[in-house]
Amino acid sequence: MSDLLAHLNAPQLAAVTLPPQHALILAGAGSGKTRVLTTRIAWLISTGQVGPAGILAVTFTNKAAKEMLTRLAAMLPINTRGMWIGTFHGLCNRLLRAHHREAGLPAEFQILDAADQLAAIKRLLKALAVDDQKYPPRELMHFINAHKEQGIRAAQAEAYDRYTSRRIECYVEYERQCQREGVVDFGELLLRSYELLQRNEPLRQHYRARFRHILVDEFQDTNRLQYAWLKLLAGHGSTDPDAPAACLFAVGDDDQSIYAFRGAEIGNMRDLQREFELASVIRLEQNYRSQGNILDAANALIRQNRGRLGKNLWTDAGAGEPIRVYAAFSDTDEARRIVDEIAELVRDGVSRQQIALLYRANAQSRVLEHQLFTAGVPYRVHGGLRFFDRQEIRHALAYLRLIVNPDDDTAFARVVNFPTRGIGTRSAEALQEAAHAAQCSLYAAAANLPGKSGSTIARFVRLIEQLRSETATLPLPELIEHVIDHSGLRQHYLGERDGQDRLENLDELVNAATVFVSDAATATDENERSDDGRLSSFLAHASLEAGEHQAGDDQEAVQLMTVHSAKGLEFDVVFITGLEQGLFPHENAAQERDGIEEERRLMYVAVTRARRRLYLTHAETRLLHGQTRYCLPSVFLDELPAELLQRSSRASGTPRATGTPAGKQQTAGDSGLRIGQSVRHARFGVGVIVASEGAGEQARVQINFGNGGMKWLALSLARLTPA
DNA sequence: TCTTTGTAGCTTTTT
DNA sequence: GCTACAAAGA
């Protein structure tokens, strides 16, 4: 017990041992957030305030949930099974599986991931004969998801114009289609389980009585619906003395909120304070990760944001090294310099795994990769294709899904002609129409196809029926193996040139099933029913946990990733690259409400990843969308205290080894202005000319005004002066 | 059915 | 400039 609380600092201790009440813990970067969360759970249980079954802990990622479980297992002698610990989606899935009837879902409902959802929407638009130029599927998907994230059903959605009312019609049809197929998308998992609890009084009472402590990680990332879900479960506003509200313990950091673009609502933090009448907020401000200069820089940066809850990180680790700022003259030069620097660091004994190269956008990794590759430096890029996203895996899963639920049209459409079995576009379309006319699934339409039982489509239906009956009694791994062998997938990939990797991945899928089954066997708690090792649970697992990005992390390798994916990680040495106006902060952010602030938080996250040494690099010239762009240094560089920085540069006046790219030095129009030149505009201020077109009266130049964004201006009107 | 050609887009991402 | 995905040809 005392062990549990040893080594906690005062605010951490206060948070962990808070009496039963609602709480918001503002946990700065590197302040021991996860530790507080897990120790809180361990403390509550070991002091007998609540049993494991009374705990509900929610995270956003499977990784975080796993981490929490591992740490808890190390802290507590008792088993952790009675607790509900998982992601929002994982827990909702569990809830819906347990009460599928009440939720209006079939027992074996399937989960659509983002790619499946997009495919489903495309199919829908086709069936409805909607012009997919005017209503791009991706945009529609975003429209639907955004509504679900707000808790808004199609029936409640507001149409402010013709265009939107059409989109709402599509939303209505999409809901209908999903219901008919027995599938739910990610947003639906949340919304459906919210509605289930809201409508079903006894069920709500049951869970309210059970979960006395609800703990939330990364609270700043919750969207409207997730917050509403939490309030509902916690029994917020309940006046029933027999069912008092559960304690909501939320941990988060408003300064690290970087997911507004996918619906995260920072306002939830203030709402939480107000609605739960929190007397005070506990702040964890002592940072155990970074050295002083790095923290000072981070603090100075984030101070520029308005409306913060307020927090200042400090450390007793000492100032450490200055922050190195490097101005390169091109993206290639930037990458080369970084590679040189890495070589030196490695020579000095720094582990390559402790070196991270961060960038704003994935496209930036290419130049870096190229230089690393050329120099023979091992590296690992995070964020590529994930295991369950591979096409061969998706195909295999589609067969499995059809066995479980033949009405799953997305799965049907995916494999009806894969491997090819002579079902071309015309027969597929005919089937589509038949299904639409009969308002039934493709599978049902195929099964009822008049007459010709010898047709290819009928053969496909029989194949699925056969697979289902043949595998009915097989254990999961053998089942999957059987399907891979008898669906024709193995045969197909055997005959393909690069099929070997794919076959290995399919074998890996069988492995994954073996692991899944053995995990399920050790977790035979009655509450773990969602993980009972059956096929449908495995499929849910596959949808909810996309698996590792990349298998080979064997080598000692430099880590490359976007700033977003670096959140939660830390490294001895961090390079933040591409610190240029328009890139970081990204130009699209300028148009969005509070866009710059979100970019600044992103920068804050990036800076606070570094433990000992931080490099900030930018280039004067960058190849973007096939064009050379001339860029101003990021405003974020100016927001850092100069005394913390150590600047060096190979740009600005120094002779250039490789020179300016040929042909890019043309003048803009006949005005004598050059691309790359800084100019002043009366309204927009100072910017850099990045492109030009036309001549004479028609001459226009594109100018990067940084915060002011990118503008095309007519030379005859703009009155630009050199700056 | 497979291959070739064309064109749109191109910030971040977990579930 | 490159990639991904869709429509058109062999």
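Naming convention: chains lettered A, B, ... in sequence-line order (proteins, then strands); numbering from 1 in each chain. Values reported hereafter were calculated over all heavy atoms of this structure, with side chains retained and with hydrogens, waters and symmetry mates removed. No experiment lies behind these values; they were computed from the predicted model shown.
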Test applied, side-chain contact (heavy atoms from CB on, under 4.5 Å); reference residue, Leu225(A); option that passes from Leu191(A), Leu230(A), Ile152(A): Leu191(A)
Just to be sure I understand the rule, does Gln226(A) reach a base, reach only the sugar-phosphate, or reach nothing, if contact means heavy atoms closer than 4.0 Å? nothing
Select base, sugar-phosphate, or nothing to describe what Leu118(A) touches, counting heavy atoms under 4.0 Å on all strands. nothing
Tell me the interatomic distance from Lys134(A), atom NZ, to dA8(B), atom C1', rounded to whole angstroms. 20 Å
What integer number of Å spans the P atoms of dT12(B) and dC5(C)? 15 Å
Could you state the atom-to-atom distance from CZ of Arg360(A) to C1' of dC10(B) in whole Å? 13 Å
Is dC2(C) paired to anything, Watson-Crick or G-U wobble with both distances less than 3.5 Å, and if yes, which nucleotide? dG9(B)
Using the P atom in both, what is the distance from dT11(B) to dA4(C), to the nearest Å? 15 Å
Under the criterion side-chain hydrogen bond (donor to acceptor under 3.5 Å, both in side chains), I'd like the reasoning laid out for Gln110(A) against Asn405(A): C-alpha separation, chi angles, the key distance, then a yes or no. CA-CA 8 Å; Gln110(A) 299 297 301; Asn405(A) 173 15; over 6 Å; no
For Arg138(A) and dA8(B), give me the distance from atom CZ to atom C1', rounded to whole Å. 12 Å
Would you mind classifying the nucleic acid contact of Gly187(A) as base, sugar-phosphate or nothing, using non-hydrogen atoms under 4.0 angstrom? nothing
Please state how far atom CD1 in Ile111(A) lies from atom P in dT15(B), giving the value in whole angstrom units. 13 Å
Output the distance between atom NZ (Lys567(A)) and atom CD (Glu218(A)), rounded to the nearest 0.5 Å. 4.0 Å
I want to verify the glycosidic state of dT5(B); is it syn or anti under the 90° rule? anti
Taking the side chain of Glu592(A) as heavy atoms from C-beta outward, which of dT11(B), dC2(C), dT13(B) is closest to it? dT11(B)
Ala361(A) side chain, from C-beta outward: closest of dT11(B), dT14(B), dC2(B): dT11(B)
Value in whole Å for how far the C1' atom of dG9(B) lies from CD of Gln627(A): 14 Å
So Phe60(A), base contact, sugar-phosphate only, or nothing? Heavy-atom distance under 4.0 Å. sugar-phosphate
Just N and O in the side chain of Ser543(A): are any of them under 4.0 Å from OP1 or OP2 of dT15(B)? no
Minimum heavy-atom separation for Ala413(A) to Arg123(A), with atom names? CB-CD, 4.3 Å
Would you mind reading off the distance between Asp331(A) atom CG and dG1(C) atom P, rounded to a whole angstrom? 13 Å
From C-beta outward on His564(A), which listed nucleotide comes closest to its side chain: dT15(B), dC2(C), dT12(B)? dT12(B)
Within 45° of the six-membered ring axis of Tyr259(A) and under 6.0 Å from that ring's centre, is NZ or CZ of Arg262(A) located there? yes
Give the C-alpha distance, both sets of side-chain angles, the deciding distance and a yes or no for side-chain hydrogen bond (donor to acceptor under 3.5 Å, both in side chains) between Ser634(A) and Glu580(A). CA-CA 4 Å; Ser634(A) 170; Glu580(A) 293 131 36; over 6 Å; no
With a 4.0 Å limit, can you tell me whether Arg421(A) has a side-chain N or O closer than that to the phosphate oxygens OP1/OP2 of dT1(B)? no
Quiz item: His586(A) side-chain donor-acceptor pair to dT11(B) base, under 3.5 Å: no
Distance, rounded to the nearest Å, where Phe219(A) contributes CZ and dT14(B) contributes P: 21 Å
Does a side-chain N or O from Ser565(A) land closer than 4.0 Å to OP1 or OP2 of dT12(B), or not? no
Regarding Tyr259(A), tell me which of base, sugar-phosphate or nothing describes its non-hydrogen contacts under 4.0 Å with the strands shown. sugar-phosphate
Look at Asn62(A) and dT15(B) and indicate whether a side-chain polar atom (N or O) is within less than 4.0 Å of OP1 or OP2. yes
So does Lys122(A) get a side-chain nitrogen or oxygen closer than 4.0 Å to the phosphate oxygens (OP1/OP2) of dA6(C)? yes
Counting heavy atoms from C-beta on, name the nucleotide in dG1(C), dT14(B), dT12(B) closest to the side chain of Leu623(A). dG1(C)
In this structure, how many angstroms lie between the C1' atom of dT11(B) and the CG atom of Leu624(A), rounded? 11 Å
What contact category does Asn362(A) fall into here, base, sugar-phosphate, or nothing, at under 4.0 angstrom with non-hydrogen atoms? sugar-phosphate
Judged by each residue's nearest nucleotide on DNA chain B, which is more toward the 5′ side, Asn417(A) or Leu544(A)? Asn417(A)
Would you sort out whether Glu369(A) and Tyr379(A) count as a side-chain hydrogen bond (donor to acceptor under 3.5 Å, both in side chains), showing the intermediate values? CA-CA 8 Å; Glu369(A) 282 187 71; Tyr379(A) 64 91; 3.1 Å; yes
Given dT14(B), dC2(B), dC10(B), which nucleotide is nearest the side-chain atoms of Thr61(A)? dT14(B)
